[in-house]
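Convention: sequence-line order gives letters A, B, ...; per-chain numbering from 1.
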Amino acid sequence: MATAFLPSFCNNSGNISPQRLLDPQPHLLSASNDLKTKPPSKLNKASVARTLLSYIDSGRMEGALSLFETTKKPDTFLWNLMIRGYANSEFYQKAMDFYHRMQAAGMRADNFTFPFVIKSCIALSSFDEGLKVHGRLFKVGLDSDLFICNSLIGMYSKFGLVEDAERVFDEMPIRDIVSWNSMIDGYVLNGEGWRSLICFREMQEASGLQHDRYGVMSALAACSLEMSANQGKEIHCHVIRHGLESDIKVQTSLLDMYCKCGKVFYAERLFQTMNQRNVVTWNALIGGYALNNQPHKAFACIVEMQADSIGPDAVTMVNLLPACQVRGISHGKAIHGLSIRKSFLPHLVLETALIDMYAKCGELGSAEWLFDQMTEKSLVSWNAMIAAYVQNGRNMKALEVFLNLCNRNLEPDLFTISSIMPAYAELASLQYGKQIHSYVLKSKYGSNTLVLNCIIYMYARCGDLKTSREVFDRMVCKDIVSWNTIIIGYGYHGHGKIALDLFSDMKSKGIQPNESTFVSVLTACSLSGLVDEGWLNFNAMQQEYNISPQIEHYGCMVDLLGRTGDLKEAVDFIERMPLVPTARIWGSLLTASRNKNDIEMAEFAAEKIFALEHDNTGCYVLLSSMYADAGRWSDVERVKSLMKEEGVQKTTARSLLELDGKTCTFINGDMSHDQSNITHEVSDILSKGIGETANDSDFVFNPVEVGAKKASLPKRHSVRLAVVFGLISTTVGSPILVKKNVRICNDCHHAIKLISRYSKREIIIGDTRIYHHFTDGFCCCGDYW
DNA sequence: TTAGGGTTAG
């Protein structure tokens, strides 16, 4: 083997010799013959440039720096080389430092400098720095340079400011194919598929330029965004017409597009015709199978690709993970194990995908563990962890992570906001809700439709329907979700008629209702007892809108039938349903049986529920309370024993009242507050004031519990204590809002109706199902909940 | 010496 071409520090086999590895900074002397003979200061400019370039091209930035630092009065070209070297070696902060040093040294940055500076700003996510750079370009008269403008389009697009990218593009005196491709891709990056495709078309019409592989690949991504296989097919034809079909990157983009548009068959056919495949191609196909609910095929690819002598990589694992949501946690764990064995971990994207998988499979502990041990976390990882907590009902924990994220100089994005908003809604805390609303208004997502929809829902869930409506009314771009949300908001508050008026408004504005709209409408009808309107809409959804009722719609109809009191009709309806009844359906029958005081039917419904959910706490509690009402104490004891056997514990009833930014929590018989004594005294006075007799409020049905369970007296129930505390702590005439974690009992519901009349106050109680608005002795629920 | 996106997480 000839050795003449080997560097001096390599042995004959081409390996680096151990001696050279021990030699400090050997590369300094191997870069240029000039350096062996002359000290750097004596080198002429051309030699320095040549040597510096050789260091930079081989990624040896330390050597480049040493040479640069010893060069007297480096010119713009040398400064540019250093900035380029750092930017291309991904030392972006150092590139920026050099740019600033260059300015401090009085050197003028030129058209070659700025593309690297802009690239560094993008990589560092330095939006403010990027803006300063753009400002500087105007001062130095480089704001129209082709290369710089192309870089700026990329910068604004990547910072999510596609309108600013457009402005740069529109004002360019000359555009080339990179300008057009950058704009086409900029729209894709910002989720604007159609605008990207329009731009793609305009390029040929306006400029006469021919699309290259880059433009085609971006346009295919735009088709995926819009799920438009037809547009994708047109681009496929263009690819064939212009001889791009043998390009593996274009082929992979086509395959990916077909998968994302749900056309797996086309993707498979394309895959079969490909004369070369690599791991990226396989990954696209695996991701396509996982995405299109074909987990078996996704997993089968792992074996097939190995037969093709192609091994999986970290992206293969990422693409396989969604298939685990169908095939179960054991497959997810297997992928995690394989990733460890193949040394794919640590890997930022893969770890984040694993967090998501564990959370969706209900293994929150594993998700938490993975998140905690990650050495590097992106905003996406934080968002995944927030979503993991919210999905698993750990709302306070989600809030903790969100606040932690905000304290780490990470700027929440649309995903962060839309992930955390449901946690605020579920916590139903108006003070927290107002805080997040104020935060969102100050952020750049203050007018985003997705975020505003979450805010409408949050206010409605927190009991503040007025603000919910104000946010809705002020929205500039209302979508179908905005309408569905405000309709169900009015439904939750028992304003069925207003909900139906809104539904009419929506239709009159030409917005086509969808499945969720009818869930909102039917929920509103059922919670307000609008039986005729409920049936009318249930029939209309099928006949006028061709929407097949789903289990949620049937659930609302069972609620409505329950209200009419015809339990037999309700059972017939359930049995005639084309879908398998869920525990929620039988729960509606149970509620109806309770309201009709039909123990036999309640037992029937409970039996069905326990067959599906043996640990349904609400069912045990409701059944037990019915037995107690009927004086069937042995059955009460039997239910208690059953609960014990199943390990089911009765949820501790809690009622929350927010006062002056503080949340006051009450449990039954609560004596833990500073003002507990006066609260109990006022409760007694009110009890007498509304005409409650000993039988109404002091009598406990179960003689076994008399004496020891003074706290179970209705007038000592958490909700009564919260209401009384609200009455004595707030301005006369102002409404009182209390939230309860379990359903309000009959006694309290009756008493609060009377208290609202006696105290001339509006009292709003939100329980797990509905907001009861008590005014002048009446409740909006019509005494059915 | 200057601009660029085949598959990948929320």
Can you tell me if the side-chain N/O atoms of A:K158 get under 4.0 Å from OP1 or OP2 in B:dA3?
no

Phosphate contact (B:dT2 OP1 or OP2) by A:R84 side-chain N/O below 4.0 Å:
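For B:dT2, OP1/OP2 do have a side-chain N/O of A:R84 under 4.0 Å.
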
Would you state whether a donor and an acceptor, one from the side chain of [X] and one from the base of [N], lie under 3.5 Å apart?
| X | N | answer |
| --- | --- | --- |
| A:S378 | B:dA9 | yes |
| A:T252 | B:dG6 | yes |
| A:T352 | B:dA9 | yes |

Atom pair distance, as rounded to whole Å: CZ in A:F116 and C1' in B:dA3
9 Å

To the nearest angstrom, how far is A:M183 atom CE from B:dG4 atom P?
16 Å

Need one value for A:N278: base, sugar-phosphate or nothing, where a base atom within 4.0 Å counts as base even if backbone is also close, heavy atoms only.
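Base, at least one base heavy atom under 4.0 Å.
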
Does A:D75 reach a base, just sugar-phosphate, or nothing at all? Heavy atoms under 4.0 Å.
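No contact.
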
Could you give the side-chain donor-acceptor pairs of residues 182-193 of chain A under 3.5 Å, partners two or more places apart or in another chain?
residue: A:S182; atom: OG; partner: A:V178; partner atom: O; Å: 2.6
residue: A:D185; atom: OD1; partner: A:S218; partner atom: OG; Å: 3.0
residue: A:Y187; atom: OH; partner: A:E166; partner atom: OE2; Å: 2.4
residue: A:N190; atom: ND2; partner: A:S157; partner atom: O; Å: 3.1
residue: A:N190; atom: ND2; partner: A:G186; partner atom: O; Å: 2.9
residue: A:E192; atom: OE2; partner: A:R195; partner atom: NH1; Å: 3.2

Lys/Arg N to Asp/Glu carboxylate O, A:K397 vs A:E426, below 4.0 Å
no

Less than 5.5 Å between centroids and less than 30° between ring planes, does A:F112 satisfy that with B:dT2?
no

